[in-house]
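Structure in structure tokens, see below.
Quantities reported herein were computed from a predicted structural model and do not represent experimental measurements.
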Amino acid sequence: MGQLANGQWIADDSPKISSEGRFQRPNSVFRNWVTEDGAPGPSGAGGYKAESGRYHLYVSLACPWAHRTLIFRELKQLGDHVSVDIVHPDMLEEGWTFDADGGPAKGDSLYGSKFLREIYTRSDACANGRVTVPVLFDRETESIVSNESSEIIRMFNSAFNRITGNSLDFWPAESRIQIEKLNRRIYDCVNNGVYRAGFAASQTAYDEAARQLFGALDWLELRLSDKRFLAGDQLTEADWRLFPTLVRFDKVYVTHFKCNRSRVTDLPNLWAYARNLFQMDGISRTVNFDHIVRHYYFSHANINPNRIIPVGPVADWNEPHGR
């Protein structure tokens, strides 16, 4: 189910589970970089020069990994330079689709594709892996530059600065050691931790993931008791990597992924911090709660086979945060 005719690209997103019942996230396949002059980046091939109008993003508004790229597209004023298409929130047997009845989802503006997998096979019909979002696509070579969100946001952070005139730096050299340390724990225990809990197929695997998740949330709550942002007074990449998980936490992860020891709204420092980020210029435009809720509860039949979508909870993300 979900495997392409050529036997390579896998369109469905059924979780990969180890023999111990632990969720295992597959590695991204495309790891090229857009750079200011087209020189090779830290991995992959060169030839991807930063140019206005050349690159296109394929995203899901439900996916936290894709959400990061939309945030950096907004922060770095790339809206007029990097175009975007949104997939339908339902991801079923055929994987991500370009059905145009999903609110902001209006289809594939480049090729009129029906499925996101067609973008993958257009780029490389012989490669293998899972069809995931986000996808950064190069119109000039008709190839995928990257499907690794952590690297796409670093491209957006600096590669287009001369084009946009936007010099905001969310990965400053003097703070990189601290940011990388924050990123590692946040990814392992929080960003991926909610999935490790939600897709766990054994009590041991779930207990391990939940313990690490809530240990990290308690650590973040304490850290934010005397800091405005994770690295202090400076807003960095680490904050924007955490934010998409916080936005989805109470709406989805508490119930759907059994992450119910506490909600973000129960942690006053973390809740104020999350609202602070949400209320920054342009960020609320990257959040679509309808797509988030619909995708998780409707697409994960192994967790919610009857596809019942719950009514709540309700939280005021525009409430003053005092930070």
Taking atom types as modelled, is there a side-chain donor on N191 or T245 under 3.5 Å from an acceptor on the other? yes
With clusters defined by side-chain heavy atoms of hydrophobic residues (ILVMFWY) lying less than 4.5 Å apart, directly or transitively, does L230 cluster with L235? yes
Is there a side-chain contact between H256 and I303 (heavy atoms, below 4.5 Å)? yes
With a 4.5 Å limit on heavy-atom distance, are the side chains of H291 and S60 in contact? no
Is there a side-chain contact between I17 and R22 (heavy atoms, below 4.5 Å)? no
Would a hydrophobic clustering, with Ile, Leu, Val, Met, Phe, Trp and Tyr connected at side-chain separations under 4.5 Å, put L277 with V194? yes
Minimum heavy-atom separation for I152 to P134, with atom names? CD1-CG, 4.0 Å
Can a cation-pi geometry be assigned to R275 and F278, taking NZ or CZ under 6.0 Å from the six-membered ring centre and within 45° of the ring axis? no
Quick check against the 3.5 Å criterion: does T69 have a side-chain atom that pairs as donor or acceptor with the backbone of A66? yes
Is N288 reaching over with its side chain to a backbone N or O of L61, donor-acceptor style, under 3.5 angstrom? no
If hydrophobic clusters are built from ILVMFWY residues whose side chains come within less than 4.5 Å, do W171 and F156 share one? no
Are L270 and Y187 connected, step by step, through hydrophobic side chains (Ile, Leu, Val, Met, Phe, Trp, Tyr) whose heavy atoms are closer than 4.5 Å? yes
So does G38 get a backbone contact from the side chain of T35, meaning a donor-acceptor N/O pair under 3.5 Å? yes
Can a donor-acceptor pair be found between the side chains of S146 and N32 at a distance below 3.5 Å? no
Within the side chain of K251, is there an N or O that forms a donor-acceptor pair under 3.5 Å with the backbone of P313? yes
If we count only N and O atoms by modelled type, under 3.5 Å, do the side chains of E148 and S150 hold a donor and an acceptor together? yes
Under the rule for side-chain hydrogen bond (donor to acceptor under 3.5 Å, both in side chains), what residues qualify as partners of R176, not counting sequence neighbours? none
Check R248 against C63 and note the closest heavy-atom contact, atom names and distance. NH2-O, 3.5 Å
Cluster question for you: counting only ILVMFWY and a side-chain heavy-atom cut-off of under 4.5 Å, with indirect links fine, are L246 and I179 together? no
Backbone N/O of L222 and side chain of S225: donor-acceptor pair under 3.5 Å: yes
For the backbone of L75 and the side chain of N166, can you confirm whether one donor and one acceptor N or O come within less than 3.5 Å of each other? yes
Can a donor-acceptor pair be found between the side chains of D138 and T141 at a distance below 3.5 Å? yes
Could you please spell out the steps behind the side chain to side chain contact (heavy atoms under 4.5 Å, CB included) verdict for R196 and R25? CA-CA 9 Å; R196 290 170 53 225; R25 184 172 296 282; over 6 Å; no
Please check if atom NZ in K114 has more than 12 non-hydrogen atoms from other residues, nucleotides or ligands closer than 6.0 Å. no
R54 side-chain N/O to R139 backbone N/O, donor-acceptor pair under 3.5 Å: no
Distance-only side-chain donor-acceptor flag, H81 / R73, under 3.5 Å: no
R307: side-chain hydrogen bond (donor to acceptor under 3.5 Å, both in side chains) partners, not counting sequence neighbours: none
Is the NZ or CZ atom of R117 positioned over Y120's six-membered ring, under 6.0 angstrom from the centre and within 45° of the axis? no
Qualifying ring-ring contact (aromatic ring centres under 6.0 Å, His included) pairs with a residue from residues 38-59, counting only residues at least two apart or across chains: H56-Y58, Y58-F98
To the nearest 0.5 Å, atom CZ of F170 lies from atom CG of L168 at 4.5 Å
Would you say CD1 of I309 has more than 12 non-hydrogen atoms from neighbouring residues, nucleotides or ligands within 6.0 angstrom? yes
Measure the spacing between CG of L57 and CG of D85 and express it to the nearest 0.5 Å. 9.5 Å
Rounding to 0.5 Å, atoms OG1 (T255) and CZ (R263) come to a distance of 10.0 Å
With distance as the sole criterion, is a donor-acceptor pair present between the side chains of Q234 and T236 under 3.5 Å? no
A side-chain contact here means heavy atoms from C-beta on lying under 4.5 Å apart; do K76 and F160 qualify? no
Would W33 and S43 count as having a side-chain donor-acceptor pair, cut-off 3.5 Å? yes
Would you indicate whether the side-chain heavy atoms of F249 and T265 approach each other to under 4.5 Å? no
Between F243 and Y273, ring centroids under 6.0 Å: no
Taking the basic N atoms (NZ, or NE/NH1/NH2) and the acidic carboxylate oxygens, is any pair closer than 4.0 Å for D218 and R261? yes
In Å and rounded to the nearest 0.5 Å, what is the CZ to OG1 distance from F30 to T132? 9.5 Å
Mark yes when over 12 heavy atoms from residues, nucleotides or ligands other than D37 sit less than 6.0 Å from its CG; otherwise mark no. yes
Whether the side chain of R323 engages the backbone of N276 through a donor-acceptor N/O pair (distance < 3.5 Å, no angle test) should be reported. no
Between H295 and P89 (side chain of the first, backbone of the second, donor and acceptor by atom type, cut-off under 3.5 Å), is there such a pair? yes
Heavy-atom side-chain proximity of N304 to F298 below 4.5 angstrom: no
Establish, for the pair R68 and W240, whether the NZ or CZ atom is under 6.0 angstrom from the six-membered ring centre and no further than 45 degrees off its axis. no
Tell me whether the count of non-hydrogen atoms from other residues, nucleotides or ligands lying under 6.0 Å of CG in D316 goes above 12. yes
Would a 4.5 Å heavy-atom cut-off, applied to side chains only, mark M91 and Y296 as touching? no
Please report the interatomic distance CZ(F72) to CD1(I153), rounded to the nearest 0.5 Å. 4.5 Å
Is any NZ, NE, NH1 or NH2 atom of the basic residue among E151 and R31 found under 4.0 Å from an Asp or Glu carboxylate oxygen of the other? yes
What's the separation between atom CZ in R184 and atom CD1 in I186, rounded to the nearest 0.5 Å? 11.5 Å
With side chains defined as the heavy atoms from C-beta onward, is the minimum distance between Q279 and S284 less than 4.5 Å? no
Expected output: side-chain S113 to main-chain F115 donor-acceptor under 3.5 Å: no
